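Remarks on the structure that follows.
Below, chain A is the first sequence line, B the second, and so on; all start at residue 1. For clarity, every value in this text was computed on a predicted model and none was experimentally measured.
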Amino acid sequence: MTNKVCVIGAGSTRYGKLDESIIEIALDASKDAINSAGITPDDIQAGYISNVFGVSDKQVHMAPVIMSNLGIPYVPGLTIESACGSGSIMFREAYANVAAGFYDCVLALGVEKITHTGTIQSTTLFSYCSDFFYEGGSGASFPGLFASIARSYMATHKASEEDLAHVAVKNHENGMLNPKAHVRKEITIDDVLKSPVVASPLKLYDCCPFSDGASAIILCNEAFAKKSSRQYVEVIGSGRGASPAAVQGRNDITTIPSTVNAANQAYKMAGITPKDIDFAEVHDCFTIAELIDIEDLGFFQKGTAAHAVREGATRRNGEIPINPSGGLKSKGHPIGATGVGQVAEVFEQFTGKAGERTVKNAEIALTHNFGATGASAAVHVFKKVE
Amino acid sequence: MSSQPNQQQQTLGSRQKFMTSANKGKILSNKCLKCGHIMVGTIIYCERCHGNELQSIELEGSGSVVTYTIQAVAPEGFNEVGKPYAWVVMRIDNTSLKVSGILIGIKSPADLPLGSKVKVESFDPKYGLKLQKPS
C-alpha cells in the first residue's frame, strides 16, 4: 500500500523568450511554488529537476546548483532527461518517491532555456532527441518527424489540413486567456492554412514555438497536505509507457503506444475510465499530435478525432475540454518544463486560480506528456479535494 | 538475398555493418531463429520473442514510400545538400520492415505520391541512409 500523494503548490515563469539564465528562471518558478504551498525550503526533503538542453546554457548537473541557490545545499537533488517528456516523467519519479514513503515533501521542477541558440541550432539540438542514427542523422527535424506522422494519419483516416488547423485555432483561443502563455494571438483557420510550410503538410501554426520557461510543483503526502491547511489536489493515477524509439519501428504510425499504455495504467490506478475526465492537458507539440493523443487517451475512437475537433467537442465549453491552458501550441513548450506546467495548470484550475479559462464544474483532470515522437510518455490523473 | 550465421559479431559494430550493407544497396536485417521475426539489423534481441539467436540477412533495399515530409528548415549540415530533399519512411518489399532515410531532389509532394517505389543508394557519412528513385 502506497501513500496518497498531493500537490500543495505550483509556480511558473512566463513561457517565451526569457533573458535570465536557466538557473534564475528555475529559482523563480521554485520560489513561486514554495510560496504557493505556504512552506519554506526547509520543508523540502528532495528535489527532482527535469531539463534537456542545460548544456547549451553551460550547466549540466543542474540539481545541486538549484538546491544550493534555494538555500538547501544538503538536500539531495536529481536531474532527469526524457526529451520533451522530461517534465511528466520526472514528476512520476517525484510522485513515486513520496508514494513509497521515502519523503514527506519534495520539489518537482522543470526548466528549459533554448531560444538563445537560434532556430537552426535549436532544430539541430532537438533532432538529437530522435533515434538519431535513423532519423536526425538522415536529415529529419522534429517538425519533419511529426509531418511524416501527419501525412500517414491523413492518408489513413481521411483527416484534412483544415482539421489540423482547428486544433491550433482552439488552443490559441485558450492561450489568449493565459497571462503566462508564449504566443497570445487569436488566429483563424485561414491564418493557419496560409502560414508558411515548415515541413509538409505541417505549417507554421501547426507547430509549437521554441520556448524558455520553468514550472515547479510541491508534492507531499496526505498528512503533510492536511497540516498545511491549504487547498490541494490529489494525484489519483500515474502511468508510464514506451514506444519504439524510431518511427520506422512502429507497426502503426498513427498511434503512440506509450500514450495508450501510460493512460491505461493511470485509469486503472484511479479506478476511472476516460469518460470520467473533466478536462485534459495533452502533448500538442504539433496539431497532429493532439488529434492522435485524444484518440490514444480514449476520449475518441480511432479516426474520429478530426470530426470531434471540427464539431468543437474539445473547446473549453465542449464535451471534453482539451488544453484549456493553451497547450504547447499557444502556452509554449519549454521542453524540460512542459510536463510540470501541465500539472501547474491542473492545480490552478482546481484551486480557483485559473481565472477566465477555468473549466466549469471540473473535478477530475488528466495530464499527458511525451518525449520525442512518443518514445516515452507519462500520464497522470488528479482529483480536486474540497 | 544472402545470409550468413551471425553469432559473436552481433553486438560488435551493428551500425557499421548496417552501413556496409547500405553501401551495397541492401538493408541489413536480423532474423530471429526461434520465431522467424525480421527486424532491422541494429536490434540485437528479438523484439517479439526476446530470443538472442539472430541471423543477419541482407534484404534488397527496394521498397515503397509509407510516409515522408519535405522540410523548410533542415538541421545543421543538411542545407549543404544544396537541393530540397524528402525525409522518407519506406517499407522494404515483401516484408513488414520499415526504414527511413533521405531522398534528395524532391521539391514538392507532387514528386512523391505515397506508395512510390524507392531504393537504397548508400549510407552517406554526412547524410545517413540515402534513398533514390529507381531509374
Side-chain angles (χ1 to χ4, degrees), chain A residues 117-156 161 195-204 206-207 210 242-254 286 288 373, chain B residues 14-16 18-19 22 27 39-43 47-48 63 65-81 84-92 96-104 106-115 120 123-131:
Chain A
T117 67
T119 303
I120 301 286
Q121 205 192 337
S122 302
T123 302
T124 306
L125 286 168
F126 273 66
S127 77
Y128 300 158
C129 297
S130 69
D131 186 341
F132 191 80
F133 182 71
Y134 290 113
E135 297 181 328
S138 55
S141 68
F142 261 86
L145 291 167
F146 277 93
S148 64
I149 291 172
R151 193 182 301 283
S152 180
Y153 186 96
M154 288 159 67
T156 312
E161 293 182 30
S195 63
V197 173
V198 170
S200 71
L202 299 181
K203 291 164 290 295
L204 183 64
D206 287 303
C207 308
F210 291 115
S243 312
V247 172
Q248 69 180 30
R250 301 180 190 171
N251 292 331
D252 179 354
I253 296 174
T254 70
F286 299 92
I288 180 62
T373 50
Chain B
S14 58
R15 287 186 174 185
Q16 198 60 48
F18 182 88
M19 293 187 261
I27 287 295
M39 63 220 112
V40 72
T42 52
I43 298 178
E47 57 190 354
R48 193 159 73 184
V65 174
V66 174
T67 189
Y68 69 96
T69 185
I70 305 163
Q71 302 165 159
V73 179
E76 258 162 23
F78 282 87
N79 281 327
E80 295 157 24
V81 171
Y85 67 86
W87 183 80
V88 174
V89 180
M90 70 181 278
R91 179 176 288 112
I92 301 295
S96 58
L97 188 68
K98 295 192 283 290
V99 290
S100 45
I102 185 170
L103 179 53
I104 294 169
I106 300 295
K107 285 193 216 104
S108 82
D111 297 338
L112 199 67
L114 294 184
V120 173
F123 197 100
D124 188 295
K126 275 163 81 179
Y127 306 130
L129 188 69
K130 266 173 113 173
L131 308 178

query = Is the shortest heavy-atom distance from the side chain of A:Lys203 to the side chain of A:Val197 under 4.5 Å?
reply = yes

note = Of A:Ser141, A:Ser127, A:Ala147, the largest count of non-hydrogen pairs under 4.5 angstrom with chain B goes to A:Ser141

task = Select, from B:Asn79, B:Val81, B:Thr67, B:Val40, the one with the greatest count of heavy-atom pairs under 4.5 Å involving chain A.
result = B:Thr67

inquiry  = Under 4.5 Å from any heavy atom of chain B, what part of A:Ile253 do you find: side chain, backbone, both or neither?
reply    = side chain

Heavy-atom donor-acceptor pair, B:Tyr85 side chain to A:Gly139 backbone, under 3.5 Å = yes

Gap separating the CE atom of B:Met19 from the CZ atom of A:Phe133, nearest 0.5 angstrom = 4.5 Å

task = Tell me, for B:Lys126 versus chain A, whether the close heavy atoms (under 4.5 Å) come from the side chain, the backbone, both or neither.
result = backbone

ask   = When heavy-atom pairs shorter than 4.5 Å are enumerated against chain B, which of A:Gly137, A:Ser200, A:Ala246, A:Ala199 gives the highest number?
value = A:Ser200

request  = Take B:Trp87 and B:Ser100 through the test side chain to side chain donor-acceptor pair (under 3.5 Å) and record every step on the way to the result.
outcome  = CA-CA 7 Å; B:Trp87 183 80; B:Ser100 45; 4.5 Å; no

key: Segment of B:Ser96 engaging chain A (4.5 angstrom heavy-atom cut-off)   = neither

request  = Name the region of B:Tyr127, side chain, backbone, both or neither, that has any atom closer than 4.5 Å to a heavy atom of chain A.
outcome  = backbone

request  = Please check if any side-chain donor atom of A:Thr117 sits under 3.5 Å from a side-chain acceptor atom of A:Ser122, or the reverse.
outcome  = yes

remark   = One option among B:Asp124, B:Val89, B:Val99 has the most heavy-atom pairs under 4.5 Å with chain A, and it is B:Val99

Contacts of A:Tyr128 that satisfy side chain to side chain contact (heavy atoms under 4.5 Å, CB included) - sequence neighbours left out = A:Thr124, A:Leu125, A:Phe132

key: Segment of B:Leu114 engaging chain A (4.5 angstrom heavy-atom cut-off)   = side chain

ask   = More than 12 non-hydrogen atoms from neighbouring residues, nucleotides or ligands closer than 6.0 Å to CG on A:Asn251, yes or no?
value = no

